Amino acid sequence: MKKIAVFSSGGDSPGMNACIRAVVRTGIYHGLEVFGIYRGYEGMIEGEIKKMQSHSVSNIVQRGGTILKSARSMEFKTYEGRKKAFEHLHALEIEGLVAIGGDGTFTGAKIFFEEFGIPTVGCPGTIDNDLFGTDFTIGFDTAVNTALDAIDKIRDTAASHDRVFFVEVMGRDAGFIAIESGIGGGAEFVLVPETKTDLDQIVSSLKNLRKSKSSSIIVVAEGDELGSAEQIMKLVKEKINDPSKDFKVTTLGHIQRGGKPTAKDRVLASRCGMAAVEGLIQGRTNCMAGIIHGEVVYTSFENSVGKPKPLLPDYLKLINLLSI
Ligand code: ATP
């Protein structure tokens, strides 16, 4: 293998730049030519591909977002789109790809390999931490710390005004951000898509809170079965039916995706980036380079995609236990 390319795809996440840097420099270290594909599969189809040098990735390890930009491509879901992408790669004699993204990105890469034979090793780039085959995904730690910082600030107001705050964090299908920011922020409840949400229990607990508790924070993952934080707040408010109680909602939204990656995310991204390139050199394909118990592990796309990563049961116990 002489030429490889790297791209970021799907939602951006803090640490993608550190990963791109690691891919480019590991490739150069091993004597490869490394190309950067802009805007994910969309740029692959359009031929937005540039040769990267070591200096192309200078001064980016600390930056959020992705210098290669990211995109979602409907056209790549069609055979014609993938054929155009292949033709651009073929013209440049690119023989291997490093894809930084999530489920959808890896599904696309697997189909692309089956049709055109260009191997891909993936790096887990998503704030949701929902990929099987790695303890953590690139960007998760930063997103949790961003959410935590916001929860700490909200707690100041909640405590000063004896309020109940519903804080909505990202997580359409997975509650990892909600759980970790909830534990770290001392939330009274954390509502996640993985578990049933018992409205009556929340209502009765809020009614019976000890008198000395001046505030409550309820962290809601955006994919909770009962709806958004706003909708859940309305349901709770209606059931409590006490005009003296003050309920507020804050939706954190996209601030969770941006910002400087934490040290943990930079190290994880760098390790995964290096492992992806070395995996390609060893002849691996259709797999994701992740870190499990501190070690690099390659997990096939088949196993890392669409397989729900379970929440640790003791996390849920912790939240209940620590909110008494
Ligand atoms: P995130 O976790 O941030 O959503 P993701 O990688 O899952 O990241 P998606 O938008 O689901 O993000 O997928 C990224 C891109 O991968 C899509 O825009 C599309 O181009 C490609 N892709 C997804 N699914 C398929 C598929 N079944 N066939 C071909 N390409 C696909």
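Values in this document were obtained by computation on a predicted structure and should not be read as measured data. As the structure lists them, so they are numbered: ligands from 1, and atoms in each ligand from 1.
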Which heavy-atom pair separates Phe140 from Asp128 by the least distance, and what is that distance? CD1-C, 4.4 Å

Quick one: does Thr142's side chain get under 4.5 Å of Lys260's, heavy atoms only? no

Arg82 side chain to Lys77 backbone, donor-acceptor under 3.5 Å: yes

Quick one: table the atom pairs, ligand 1 N or O against protein N or O, below 3.5 Å, distance rounded to 0.1 Å.
| unit_1 | atom_1 | unit_2 | atom_2 | d |
| --- | --- | --- | --- | --- |
| ligand 1 | 3 (O) | Gly11 | N | 2.9 |
| ligand 1 | 4 (O) | Arg72 | NH1 | 3.2 |
| ligand 1 | 6 (O) | Gly102 | N | 2.9 |
| ligand 1 | 6 (O) | Gly102 | O | 3.3 |
| ligand 1 | 6 (O) | Thr105 | N | 3.0 |
| ligand 1 | 6 (O) | Thr105 | OG1 | 2.4 |
| ligand 1 | 7 (O) | Asp103 | N | 3.3 |
| ligand 1 | 7 (O) | Gly104 | N | 2.8 |
| ligand 1 | 10 (O) | Arg72 | NH1 | 2.5 |
| ligand 1 | 12 (O) | Arg72 | NH1 | 3.1 |
| ligand 1 | 16 (O) | Gly104 | O | 3.4 |
| ligand 1 | 18 (O) | Ser73 | N | 2.7 |
| ligand 1 | 20 (O) | Ser73 | N | 3.4 |
| ligand 1 | 20 (O) | Ser73 | O | 2.6 |
| ligand 1 | 22 (N) | Gly104 | O | 3.3 |

Report yes if some heavy atom in the side chain of Val144 is under 4.5 Å from a heavy atom in the side chain of Glu180; otherwise report no. yes

Taken in chain and number order and not counting sequence neighbours, the residues that satisfy ring-ring contact (aromatic ring centres under 6.0 Å, His included) with His90 are Phe86

Tell me whether Ser300 contacts the main-chain N or O of Asn303 through its side chain, where contact means a donor paired with an acceptor under 3.5 Å. yes

